[in-house]
Amino acid sequence: MPQIEIKSINAFYEKLHVLKNIKLSVSKGEIVSLIGPSGSGKSSLLKMLVGLLIPKSGKMYLNGNLVNFKNQSDLRTVREQIAIVFQQYNLFQNMNVLKNVCIAPTKIQKRNPKEVNEQAITLLEKVGLKDKLKSYPDELSGGQQQRVAIARALCLNPQILLLDEITSALDPELVKEVLDSIRLLASEGMTMLIVSHEMSFVKEVSSRVVFMDEGSIIEINNPKNIFEKPKEKRTLDFVSKILKEK
Amino acid sequence: MGYTLVYTQVLEFLPYLIKGAWISLQIAILAFFGGMFFGLILATIRTFGNNISNKIVICYVTFFTNTPQLVQIYFLFFALPEFGILLSPYIAVLLGMTLNAAAYLCEIQRAGFLSIRQNELDAAKTLNFSLVQQVKYVILPHIMRVLFPPLSNHYIIMTLGTSMAAIFGVEELTGRAFNINSETFRSVEIFSITALIYIVITFIATFLLAVIGRYFFKAKIRIIQ
Amino acid sequence: MERLIEEIPNFFTIWNVIFLAKAMGVTFLLTAIGCLVGFSVGGLLAIFRKTKSFYLLPLRIFIIIYTEIFRRVPFLVSLLLFFYVFQIIKISDDLFLIATITVCIIATAYIGEIIRSGIESINQTQWDAATAMNFTYYQTLREVIFPQAWKVILPPAFGFFIMFIKDTALASQIGVMELTFAAKILNNKGFSPLLSFGTILILYFILSFPLDRFGKYMEKKLASNRN
């Protein structure tokens, strides 16, 4: 049984049709990368998976259970199991690093504050931010904020992690640090959906790669094939253009 | 309770009240543009003036923005005669509102001056704009876009402020409501109708200002907040 | 002018000074109660106005109508309207109470708007992050939005407080014993209008100016903290 299964999902921003008839299933422990030009619906797909974008039609199953997007308790269950790291980090500006990581587990999940605190410190240590616990988001560099956001998502103990273009706002030398954190997670067997422009990274970590364009999924393939012999012409155009730029 | 609201009698006075609203409008517009003019002079002094003239303008603005307009008008109306200056109620109200508006509009216009960005002017200079062209194509459009929303807002506040004129016996909208009240004693009916007329005229004003702002100055004003 | 100088000792008698001090207290109290209530109730209005629930739609429409109405009727007209309504329903003929209620109702409309635009000034990304982590609407407001928005809310709210110190002068029209009414009484007793109204102009200034300065100082300080 796939961990996430979505069937014929259609979603809109105002009048803009951002997700067109999306079908995708993800098994436990899989790492699925989403690639495609900007505005192709990759971020929208991630937002939809945590109920920040409510689909107009289609079905989503999480661990075999149908998700009713109109039901708040269904949405709560989804968000308990799926955590998202935003492209813009979205750290709470009024809280320091440690508080950013701890607030949801203690206040929302009602877990033991002491345990959460220990876990948060371990996670922040893992992403190399042990000495920034008391700093505020606006005192940190983009890469540091990004890693806080990853620690914050992980501290929720999700089954599935969504990563939205997490390297696009970073300086090249920081990209490596962040990607190293992701590699570590991958080796631990976390299910992940990754939107990324780092093609070499995508190639390295993904189980499967999804190519999207104009709100539709054009092709799903393994990482080797999608870069070397894609089935669709649009994929080939995109991939060869991206690889040429490198 | 034993009191029923009867609007029929009051509605007969509607044309009389609406004519009063015209007078309110007149006071608001005159005081607004008077205030704009004096405010512009004050703002210019404040931006380009020397230390002493600056301080005088600051004192003026601080005094007028920290005391009630009503008491300022009382002062003009009752205290100036001691110096031999007699003002009619209409003039006292108009003068009081203009002096008061000048203080606020000075601050608003100064903020507009300060918002001009040097790099835009530099860009205009490198494109060989003459001074007149700089003002016409760069400075004025920018200032108006920044200034239009707060100025519109202050105009609405001033329209509401004109009701003070009634206290001095000016027969604008509220003044006429006073007159009808002492004739008919249908107080709740009269003042609710009066309130409604104020709502309507300020809505019309906001609407017109929003249209003017959008088409002429690319300034955004929300009609309903 | 000489007459005026002669009059000064007669004007500043102990009785008159106490009389004016009391009136000043009434002016301040009227404003302070109005703003306190305005802040709490206005805050609630802002919170409910941003809800999305279908069932709260009538409440949201009510809030919009309420805030639009009371920000478009002159204070004087609202005051008289409430004064006469109270006469009809005969709950109370306490003029201070009537003026206080009017001030509260109007302050609620204005401060509600200030708080709402403060809430709206916070970036959508903060809402998204909180929602994705299962914060409820009220938890998001308490933990994330208000701790950031108060810096945007406070300066204009302070400006409003000062505006209302001055606007309560209109309460003199229904006979509330505040500063302006006190000046009228002194004037009617035969003191020079120059002295009566001049004195309360200074008293209003004494009430308002420190708050004005403090508000501007705070605005500057908060603005520099934000960047």
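Numbered from 1 within each chain, the chains take letters A, B, ... in sequence-line order.
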Quick check, are the ring centers of C:Phe197 and B:Tyr74 under 6.0 angstrom apart? yes
Taking every heavy atom of B:Val188 against every heavy atom of C:Val85, the minimum-distance pair comes out as CG2-N, 3.8 Å
B:Phe77 portion near chain C, given a 4.5 angstrom heavy-atom threshold: neither
Run C:Arg72 and B:Thr206 through side chain to side chain donor-acceptor pair (under 3.5 Å) and show every step you take. CA-CA 10 Å; C:Arg72 289 182 181 279; B:Thr206 309; 3.0 Å; yes
Would you check if the side chain of C:Lys166 reaches a backbone N or O of B:Thr65 as a donor-acceptor pair within less than 3.5 Å? yes
Side-chain contact, heavy-atom cut-off 4.5 Å: C:Ser208 with B:Thr67? no
Residues B:Ser192 and C:Leu81: closest non-hydrogen pair is N-CD1, 3.5 Å
Note: vs chain C, highest number of non-hydrogen pairs under 4.5 angstrom among B:Val71, B:Leu196, B:Thr174, B:Leu160 is B:Leu160
Heavy-atom pairs under 4.5 Å with chain C - which of B:Ile190, B:Ile167, B:Leu70, B:Thr194 has more of them than the others? B:Ile167
Structural part of B:Phe185 lying under 4.5 Å from a heavy atom of chain C: neither
For chain B, which candidate among C:Leu80, C:Ile162, C:Thr180 shows the most heavy-atom pairs at distances under 4.5 Å? C:Leu80
Would you mind checking which part of B:Gln72 comes under 4.5 Å of any heavy atom in chain C, side chain (CB onward), backbone (N, CA, C, O), both or neither? both
Looking only at B:Phe78, B:Phe203, B:Phe63, most heavy-atom pairs under 4.5 Å shared with chain C are made by B:Phe203
Of all the heavy-atom pairs spanning B:Tyr198 and C:Val73, show the shortest one and how long it is. CB-CA, 4.4 Å
